[in-house]
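Computed from a predicted model, the values in this text were never measured in an experiment.
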Amino acid sequence: GDSVTQMEGPVTLSEEAFLTINCTYTATGYPSLFWYVQYPGEGLQLLLKATKADDKGSNKGFEATYRKETTSFHLEKGSVQVSDSAVYFCALSDLRDRDDKIIFGKGTRLHILP
Amino acid sequence: DTGVSQDPRHKITKRGQNVTFRCDPISEHNRLYWYRQTLGQGPEFLTYFQNEAQLEKSRLLSDRFSAERPKGSFSTLEIQRTEQGDSAMYLCASRETDGVTEAFFGQGTRLTVV
């Protein structure tokens with residue numbers, strides 16, 4: 001079945017450092033890809049998404065490009081802030097398969113040091 | 001619309017008791033999902049609905065778990081004869097039925113079985 005694999009954390013960076021969180025997926029159809037973020041004490045919220053190959057999702061300085069050839073959707077940010085400390089989840093949903101439930105990775109905890 | 005709401009936010013119960021959680025989705029969303037999240041893990045799919053029809057139930061969901069969505073509006077998740085292993089955060093999400101829009105999550109219900 002469909003699955004998502006993302007790099008294990010925790011990831012600890014200094015403020016203004018460059019961030020990459022790797023995510024790869026396995027899907028039988030043509031999934032939409034998502035990054036969700038969970039800030040401490042809060043619920044899951046969408047960070048960005050991409051719905052077809054070569055699309056780039058972006059929000060709050062974060063970016064991710066849907067790479068079908070490498071089945072990847074890596075999250076990047078050029079200069080992280082302390083407020084970016086959170087858990088990040090990569091996810092997919094494949095509507096072309098009738099079974100369009102959303103599959104999540106295990107999450108990557110990010111710590112940004114001032 | 002205030003988003004997806006879940007009730008209660010926290011529940012402590014004794015082993016063997018039954019518990020019921022409620023989820024009110026965003027009103028125009030046809031799809032409603034239930035997930036379970038344990039510490040350090042990503043959300044695990046439990047079940048989902050298209051309007052009032054339950055489309056799939058995960059193998060994670062034993063016979064002690066049941067979910068309903070009468071009239072295609074709010075949903076309930078019931079756990080009978082709770083066990084300590086049921087302790088987790090139970091998340092509800094809703095989305096439109098187009099496969100590309102994101103799911104919107106509630107704040108979750110944290111269940112502790114003592």
Atom pairs and distances, donor-acceptor, side-chain atoms in residues 103-114 of chain A, under 3.5 Å, two or more places apart:
from, atom 1, to, atom 2, distance (Å)
A:T108, OG1, A:Q6, NE2, 2.9
A:T108, OG1, A:M7, O, 2.5

*Inspect the contact between B:R95 and B:E102 and indicate whether a charged nitrogen and a carboxylate oxygen are less than 4.0 angstrom apart.*
no
*Over 60° means perpendicular and under 30° means parallel, so classify the ring planes of A:Y88 and A:F62, tilted if in between.*
tilted
_Whether B:D7 and B:R9 form a salt bridge (side-chain N of Lys/Arg under 4.0 Å from carboxylate O of Asp/Glu) is what I want to check._
no
*Could you tell me which residues in residues 103-114 of chain B have at least one non-hydrogen atom under 4.5 Å from a non-hydrogen atom of chain A, sorted by residue number?*
B:A103, B:F105, B:G106, B:Q107
*Proximal component of A:L46, with respect to chain B [non-hydrogen, under 4.5 Å]*: side chain
Can you give me every donor-acceptor pair (side chain of residues 60-74 of chain B, partner residue at least two apart or in another chain, under 3.5 Å) with its distance?
from, atom 1, to, atom 2, distance (Å)
B:S62, OG, B:R64, N, 3.2
B:R64, NE, B:E83, OE2, 3.4
B:R64, NH1, B:Q80, O, 3.1
B:R64, NH1, B:R81, O, 3.2
B:R64, NH1, B:D86, OD2, 2.8
B:R64, NH2, B:E83, OE1, 3.4
B:R64, NH2, B:D86, OD1, 3.0
B:R64, NH2, B:D86, OD2, 3.3
B:R69, NE, B:G72, O, 3.3
B:R69, NE, B:S73, O, 2.8
B:R69, NH1, B:N30, O, 2.5
B:R69, NH1, B:N51, O, 3.2
B:R69, NH2, B:H29, O, 3.2
B:R69, NH2, B:G72, O, 3.0
B:S73, OG, B:P70, O, 3.4

*Between B:Q37 and chain A, which part of the residue has a heavy atom less than 4.5 Å away: side chain, backbone, both or neither?*
side chain
*Are the side chain of B:Y35 and the backbone N or O of A:I102 linked by a donor-acceptor pair below 3.5 Å?*
yes
*Is there any disulfide bond (SG atoms under 2.5 Å apart) pair reaching into residues 31-69 of chain B, and which pairs are they, with sequence neighbours excluded?*
none
*For chain B, which of A:Q38, A:E42, A:Q45 has the most heavy-atom pairs under 4.5 Å?*
A:Q38
